[in-house]
Amino acid sequence: MSLNAGEVIGDDNGWVGDAVDIAFRILDAQPVKKAFAESDRMIAFISSERFFADVIEKDPGLLPELYRPLPVSVKTFTGMAYLRLHGEAIADSVVVRAEELFPADLAGPVLELVPRKDLVGLRRHLTGMRIPNLAIMVSRALGPAVQPPRLDGVTDAWEAFLLLTDFNAGPDGIPPALTFLGLLAENAGGEPDAMIEGWLANQARSLRLAPALGHQRLTRPPIPDRPHLHLMIMLEPVSADPTRCTLAFWRQDDPDVWPPSLGGVREIGIEEVELRVDDVILETEGVWSGQSMSASVEFLLPRTLINLPVQRWAKEHETGQPQPLRYGYRLGIRSLERMRARHWHRAWHVRWDSMVKDPAADRLHYSGRPEVEDHPIDAILSDEHWVGLVLAKPPSPQAKPDGSPDELTSALRSGLPVVLWHPDAEPETLRELLDWVLAAESGFNELPDRRKLANSGMAVPFKNSLAHDLVVMWDDPKRVIVLDQPLIPTRL
């Protein structure tokens, strides 16, 4: 095949011009024919010097390093051409039938992006290779806009690679399967995997993806040493039917990616909320089954449902031996009103950042103290020293009808990220529990972990019911869901 470019003229006798003449001269050159005949290749590309310099040499995807200069002299033309012999024959020892290399249900057009012969060595290298943080790597390879698939049947790196070949490239043009290999090369062991990196570099060059892959590698965050996952479940009454509510959830599969994509929206009966939450948690655990990290379950609640006893809910009801959620997760609630009220968010960020910088336990304000009872709660909480509030009693499902600020509204509006209350504990007993919870050196920053630990009867000198019924609103402004679009549920 001869490659050239230039101006030509067409008439009834065909196309004429120097570009056509040179293309035919180099195609007819004896050194080209001899080199091709003596090789075991399928095709020979012979390029003019001009076309090589203007096109091939400037495009790494055309593999210019595989072309070699060759002097050509045919009739009136004498000059330099560039030869590439392509389509090497595969030795019998490495011939693998397609159905052996790829399962029938995965051998689709996406795999044809990479020549099958190039996958033989990769398959041997990846088969049996265990993947640290499998779900994180798959999630990062797909990107935040794609819901990760179930990974129940994925046991090694080759199966994960095959699974990802079924997904299209994102806006950067990089197929998720190649992104996965990049992550695997960096995280498979103590040192980068040289075989995977070399294979990936060759494919990146031939697919013209080297710059995109290089930028991706420089900008993606590292997988954290102590990753943590979040499942956020939103519950909201249906305005037209008070006996039903909307359940939506967002499952974080990569601890460094927020917000995750919407996992699903369902309309359910109020009386079955706990059971349907159980379904969501078990579905999530099916996806998280390959993870080795701790997790939180957070309930995003409106004021009308703020007193749902989520701290008493359990999972695995169908087994007949349900387990309380508080034993397996950091359990807390979040405010739906605050998440939607963007005009409250600046103050929220200010208090959160202040708490992270100075998490001292003395920044927790107890409402109902005699020395401040004559002061409006808004005035008290305007002092930026406070980052947490203990309510004197559980909040009412509705704000005060006269429009005056109540404690919960004031806390949310002032930006306090932590609000605590108990349905029936005496103030002094509750203070003793919270003193223990916040006694760690990191104070507020360890509150979710210490609250979970407080559920262990062996851990703290308090009655189980005291710790079990403690309600913790731990509201992180860095993990916000944008709720500016209606959620269309599937009615159950």
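Under the 4.5 Å side-chain criterion, counting only non-hydrogen atoms from C-beta, Phe299 is not in contact with Val273. In this structure, Leu389 and Ser367 have side chains that are in contact, with non-hydrogen atoms separated by less than 4.5 Å. Side-chain atoms of Met232 and Arg334, non-hydrogen and from C-beta on, do get closer than 4.5 Å to each other. Residues Asp253 and Leu229 fail the side-chain proximity criterion, which asks for heavy atoms closer than 4.5 Å. Lys315 is listed as a side-chain neighbour of Tyr329, based on a closest heavy-atom distance under 4.5 Å. Residues Trp258 and Gln252 meet the side-chain proximity criterion, which asks for heavy atoms closer than 4.5 Å. Here the side chains of Met473 and Leu412 are in contact, with some heavy-atom distance below 4.5 Å. Ile281 is not listed as a side-chain neighbour of Thr284, based on a closest heavy-atom distance of 4.5 Å or more.
Both cation-pi conditions hold for Arg450 and Trp436: the charged atom is under 6.0 angstrom from the six-membered ring centre and inside a 45 degree cone around its axis. Figure legend: Arg431 and Tyr366 shown as a cation-pi pair, the cationic atom lying under 6.0 angstrom from the six-membered ring centre and within 45 degrees of its axis. Cation-pi geometry between Arg338 and Trp344 is not met: the NZ or CZ atom fails to fall both under 6.0 Å from the ring centre and inside 45° of the normal.
No donor-acceptor pair closer than 3.5 Å links the side chain of Arg140 to the backbone N or O of Arg220. Although no hydrogens or angles enter the test, the distance criterion places no donor-acceptor pair under 3.5 Å between the side chain of Asp156 and the main chain of Met129. A donor-acceptor contact shorter than 3.5 Å is absent between the side chain of His468 and the backbone of Arg312. Although no hydrogens or angles enter the test, the distance criterion places a donor-acceptor pair under 3.5 Å between the side chain of Glu337 and the main chain of Arg303.
Residues Asp279 and Arg276 come closest through the heavy atom pair OD2-NE, 2.7 Å.
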**OP:** Report the C-alpha distance between Leu142 and Leu164 in whole Å, list the side-chain angles of each, state the deciding distance to 0.1 Å, and finish with yes or no for side chain to side chain contact (heavy atoms under 4.5 Å, CB included).
**Re:** CA-CA 8 Å; Leu142 291 171; Leu164 289 168; 3.6 Å; yes
Original post:
Between Thr155 and Arg130, does a side chain to side chain contact (heavy atoms under 4.5 Å, CB included) hold up when you go through it step by step?
Top reply: CA-CA 7 Å; Thr155 60; Arg130 299 302 173 195; 3.8 Å; yes
**OP:** Go through the steps to decide whether Ile333 and Leu308 satisfy the test side chain to side chain contact (heavy atoms under 4.5 Å, CB included), and finish with yes or no.
**Re:** CA-CA 10 Å; Ile333 65 174; Leu308 280 176; over 6 Å; no
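The side-chain contact (heavy atoms from CB on, under 4.5 Å) search around Asp362 returns Ala360, His385, not counting sequence neighbours.
Open room surrounds CD on Glu426; 12 or fewer heavy atoms of other groups in view lie less than 6.0 Å from it. Within a 6.0 Å radius of CD in Glu318, other residues, nucleotides and ligands contribute 12 heavy atoms or fewer.
Ion pairing between a basic and an acidic side chain is recognised when a charged N comes within 4.0 Å of a carboxylate O; Lys478 and Asp353 show such pairing. The pair Arg266-Glu272 does not meet the salt-bridge criterion, since no charged nitrogen lies less than 4.0 angstrom from a carboxylate oxygen.
Atom NE2 of residue His125 and atom CG of residue Leu181 lie 9.5 Å apart, to the nearest 0.5 angstrom.
Checked against a 6.0 Å centroid threshold, the rings of Trp352 and His349 do not count as neighbours.
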